[in-house]
Amino acid sequence: GAGVSQSPSNKVTEKGKDVELRCDPISGHTALYWYRQSLGQGLEFLIYFQGNSAPDKSGLPSDRFSAERTGGSVSTLTIQRTQQEDSAVYLCASSEQPGTGYGELFFGEGSRLTVL
Amino acid sequence: TQLLEQSPQFLSIQEGENLTVYCNSSSVFSSLQWYRQEPGEGPVLLVTVVTGGEVKKLKRLTFQFGDARKDSSLHITAAQPGDTGLYLCAGPSDSNYQLIWGAGTKLIIKP
C-alpha cells in the first residue's frame with residue numbers, strides 16, 4: 001500500500017492481557033514514531049526509530065510498554081498486563097526527514113485499544 | 001521547555017461563517033506545521049510555515065506565521081462541514097528530532 005498501515009484497527013482486551021499493535025510504514029521512510037492519543041486530545045509521544053540507530057524510548061509511560069522495529073521497516077508496539085488507563089488510540093507515523101520540522105509526518109489510521 | 005498552546009480548545013459554528021484558531025508559544029520555532037485530523041483517521045499535513053510573517057493560502061484556509069516565529073494562526077473563510085476535524089499545530093524541538101505538538105482545536109461546522 002501507499003500509506004502507513006496499522007493493525008488491528010480496533011482491539012478490545014481484558015485488563016491484564018498483553019496486546020501487540022503493528023505498524024507498516026511507507027517504504028523507504030527511515031523515521032518511525034509511535035504516539036498515543038486519548039479521546040479528542042493531542043498526541044503523546046511514545047517512541048522513535050531512525051534507521052539503525054538505537055530507538056528513543058523516552059516517551060514510554062512504563063516498563064509494560066515496549067516496541068521493536070525489524071529490518072528498519074515494520075514496527076510492533078507491545079503492551080503487557082494492560083490497564084484501563086492504556087485505553088486510547090495508538091498512532092504510528094513515518095517520515096523521510098526525521099524531526100526537522102520541514103518534513104511531513106505520514107500517519108496511519110491508528111489502532112483503537114479498549115481495555116475492559 | 002517548548003510548549004505550543006492552541007486556542008480555542010473547541011469551536012462549533014454554522015456553515016458559511018469565518019473563524020480563526022491560534023497556536024501560541026513563548027519559544028521561537030524554526031517552523032510550524034498544521035495538521036487536520038478527521039474522526040477515525042490519522043492527522044494529515046495541511047501546511048508548513050518557515051519564515052516569520054509568512055502567509056500561506058490553501059483554498060479557503062489562510063495560515064500565518066508570526067513575525068517573531070512564536071505563533072501561528074489559521075483562518076477559515078466560509079467554513080463548510082468538510083472542515084470539521086481536530087486541528088493540530090506542531091513545531092520541531094530545539095534539542096532533538098521530536099515534534100512538539102499542541103493539544104489541538106476541535107472544530108465542528110454545522111450545516
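All chains are named by letter (A, B, ...) in the order of the sequence lines, taking the proteins before the strands, and each is independently numbered beginning at 1.
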Among side-chain atoms of A:Thr30 and A:Gln50, is any donor-acceptor pair under 3.5 angstrom?
yes

Can you name the nearest heavy-atom pair linking [X] to [Y], along with the distance?
| X | Y | result |
| --- | --- | --- |
| A:Ile26 | A:Ala2 | CG1-O, 3.5 Å |
| A:Arg81 | A:Asp18 | N-OD1, 2.8 Å |
| B:Leu45 | B:Gln33 | CD1-CB, 3.8 Å |
| A:Ser95 | A:Glu104 | OG-O, 3.4 Å |
| B:Gln14 | B:Pro111 | NE2-O, 3.6 Å |
| B:Pro92 | B:Ser31 | CD-O, 3.2 Å |

Under 3.5 Å, is there a donor-acceptor pair between the side chain of A:Ser75 and the main chain of A:Cys23?
no

Are the side chain of A:Gln80 and the backbone of A:Lys17 linked by a donor-acceptor contact shorter than 3.5 Å?
no

Should A:Phe65 and A:Tyr33 be regarded as members of a common hydrophobic cluster, given that ILVMFWY residues are connected when their side-chain heavy atoms come within less than 4.5 Å of each other, either directly or indirectly?
no

Under a 4.5 Å heavy-atom cut-off, does chain B meet the side chain of [X], its backbone, both or neither?
| X | value |
| --- | --- |
| A:Gln37 | side chain |
| A:Ser58 | side chain |
| A:Tyr35 | side chain |

Among B:Pro43, B:Gly42, B:Pro39, single out the residue with the greatest number of heavy-atom pairs under 4.5 Å to chain A.
B:Pro43

Distance-only donor-acceptor pairs under 3.5 Å for side chains of residues 1-9 of chain B, two or more places apart:
from	atom 1	to	atom 2	distance (Å)
B:Gln2	OE1	B:Asp94	N	2.8
B:Gln6	OE1	B:Cys89	N	3.0
B:Gln6	OE1	B:Gly104	N	3.0
B:Gln6	NE2	B:Tyr87	O	2.9

I'd like to know whether CD of A:Glu85 has more than 12 heavy-atom contacts from other residues, nucleotides or ligands below 6.0 angstrom.
yes

Worked verdict on B:Lys56 versus B:Glu54 for salt bridge (charged side-chain N to carboxylate O under 4.0 Å, His left out)
CA-CA 7 Å; B:Lys56 281 192 172 179; B:Glu54 181 177 6; 3.7 Å; yes

Chain A neighbours within residues 58-67 of chain B, where any heavy atom lies under 4.5 Å away
none

With a strict 4.5 Å heavy-atom criterion, list every residue of residues 70-81 of chain B that contacts chain A, or say none.
none

Could you tell me which portion of B:Tyr35 (side chain, backbone, both or neither) has an atom closer than 4.5 angstrom to a non-hydrogen atom of chain A?
side chain

Between atom CZ of B:Arg69 and atom OG of B:Ser25, what is the distance when rounded to the nearest 0.5 Å?
12.0 Å

Could you tell me whether the side chain of B:Thr20 reaches within less than 4.5 Å of the side chain of B:Tyr22, counting heavy atoms only?
yes

Sort by residue number and list every member of residues 107-116 of chain A having a non-hydrogen atom under 4.5 Å from chain B.
A:Phe107, A:Gly108, A:Glu109

